[in-house]
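The structure under discussion appears below in the form of structure tokens.
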Amino acid sequence: MPNSKIELPPIVLVIFGGSGDLTSRKLIPALYNLFLDGWLPERFMIIGTGRTEMDDQDFKNLLYEKAKQFSRRNVEEEQWSIFSSYIHYMQVDPSNLHDYDIIKERISHIEEEWQSKTIRIFYQATPPDTVKEIVEGLKSASLTDLKTTRIVLEKPFGHDLRSAIELNRIVSEVFDESQIYRIDHYLGKETVQNILAFRFANALFEPIWDRRYIDHVQITVAEQVGVEGRGGYYEHAGALRDMIQNHLLQIMCLIAMEPPVAFNADEVRNRKIDVLRAVRNIPEEDVHLFAARGQYGPGWIEGKRVPGYRQEPKVSPNSPTETFAALKLFIDNWRWQGVPFYLRSGKALAQNLTQVIIQLKPVPHSLFSSSASLDWQPNRIEIDIQPVEGIALRFHVKQPGMNMQLSSQYMSFRYSEAFHVAPPEAYETLLLDVMRGDTTLFMRADQVECAWHVITPILNVWQSIYPVDFPNYAAGSWGPESADALIAQDGRRWIWFQPSEKV
Ligand code: BG6
């Protein structure tokens, strides 16, 4: 993750699933923006592969239309035409071993032309069940060299703990861990990376960052969108697998981890794993006390009528899949003993809001009368991840006037106000890190397995008990009542503050 522009060696990026959604919505727009910023190596080649028959020009045309829609910066024809000279297409069937030999020939050919060895990056942008065949195909064509080959794997990484262990075994038989880049795109978000800077580049917060001062932590990832035509995938995933197992647990690790001794891949990831390993196991008979699930029914979002989850394409009319999950976790170590971490995520909610609330404990003794402190609440730190990007500290001041009357106010920092540049998209950061060979922001095998371990009891119980109350929240609401009850049993409530309230 260094910020200076180191010169990159010649790179060939082979994307499996070249004609798919991920490539056109995320990968190509990210590469285009890296190109605009001058990050790409001088010798660079993108080979999109797929089963569809297409020539290079068809492929470029397809990507151009999507890039105009999804790139964070305007796609200018002149710039695009330079960038698109990197793009090529090959018809490849990932299940056919012979096709990997053809990929290898193509790479050898370009290496001859460039008179240079290349770094070969193989990107799996295909469904998860293709990982095995891709890994085996690369092995059969000897495209696995430790020094020059990297493989990028998209989530979901496994369907449960068992399948994740099996997948890790398959991949690690062919590739060394240092060659494997398991993506969790939340780790590439600026505001998520900023959690480390906030905690470890300031002396101010770390002394209070523990059980003595912090009452509890809330991590929310709320989305307004429903499943957006991804019913086929989502039916087998659900909110717990799709969001909590990866994105929310990773954010929790950044909030809870001990300071690493150095900012490098192994040190950072070791400290995160310490957190996951310390998460208290939830006995299956107690899952109802620690987790709540929900599924949206029809409702209204921003004035538009929205169908319920069970009415979405490719979703069963009796689907038990949760589109909302809330959890209470404890981290059994010295720093966090007794401090609950509440995590929740859901689709078709009232707002798009990703936020971490660090709720501090009340002052030990209040000097002020109850009438002076009507809206008094303990301090809290609010880390806004998206859509607003920033950090706010809620604290108390004396309201102007003759009496001592307290008022809660914000000290706040906004990325958009402090820096007048749009931050890079997560995929820009992550793709560049793969090119630079930096695995810090990627998931290590043991990290993925620990995260599955944390949610396994909940998965087991939810799979075995049919949710008779589904759908239990209306699209456009804040989720099911059971999630409110989960936190209310501890005498707390979810905090839904709008970033706009901090202006
Ligand atoms: C993906 C999930 O990992 O993250 C999606 O599969 C979800 O269901 C998406 O919508 C959210 O990502 P972002 O960056 O839009 O918050």
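Counting starts at 1 for both ligands and their atoms, in listed order. Below, all heavy atoms of this structure are taken into account, side chains as well, without hydrogens, waters or symmetry copies. Starting from 1, each residue takes its place in the sequence as its number.
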I'd like to know if [X] and [Y] make a salt bridge, using a cut-off of under 4.0 Å between side-chain N and carboxylate O.
| X | Y | value |
| --- | --- | --- |
| Lys189 | Asp184 | no |
| Asp21 | Lys26 | no |
| Asp446 | Arg444 | yes |

[atom]: the protein heavy-atom neighbour that sits closest, reported with distance to 0.1 Å:
| atom | answer |
| --- | --- |
| atom 16 (O) of ligand 1 | Tyr186 OH, 2.5 Å |
| atom 8 (O) of ligand 1 | Asp242 OD2, 2.6 Å |
| atom 14 (O) of ligand 1 | Lys189 NZ, 2.6 Å |
| atom 4 (O) of ligand 1 | His185 CE1, 3.4 Å |

Between Glu223, Gln386, His247, which one has a non-hydrogen atom sitting closest to atom 7 (C) of ligand 1? Glu223
For Lys155, state whether at least one heavy atom is located under 4.0 Å from any atom of ligand 1. yes
Applying a strict 4.0 Å limit to heavy atoms, is Tyr234 in contact with ligand 1? no
Arg344 and Thr220: side-chain donor and acceptor closer than 3.5 Å? yes
Quick one: does NZ or CZ of Lys328 land under 6.0 Å from the six-membered ring centre of Phe290, within 45 degrees of the ring axis? yes
Centres of the Tyr342 and His216 rings: under 6.0 Å? yes
Under 4.0 Å from a heavy atom of Lys347: which atoms of ligand 1 are those, numbered in the order shown and with their elements? 5 (C), 7 (C), 8 (O), 10 (O)
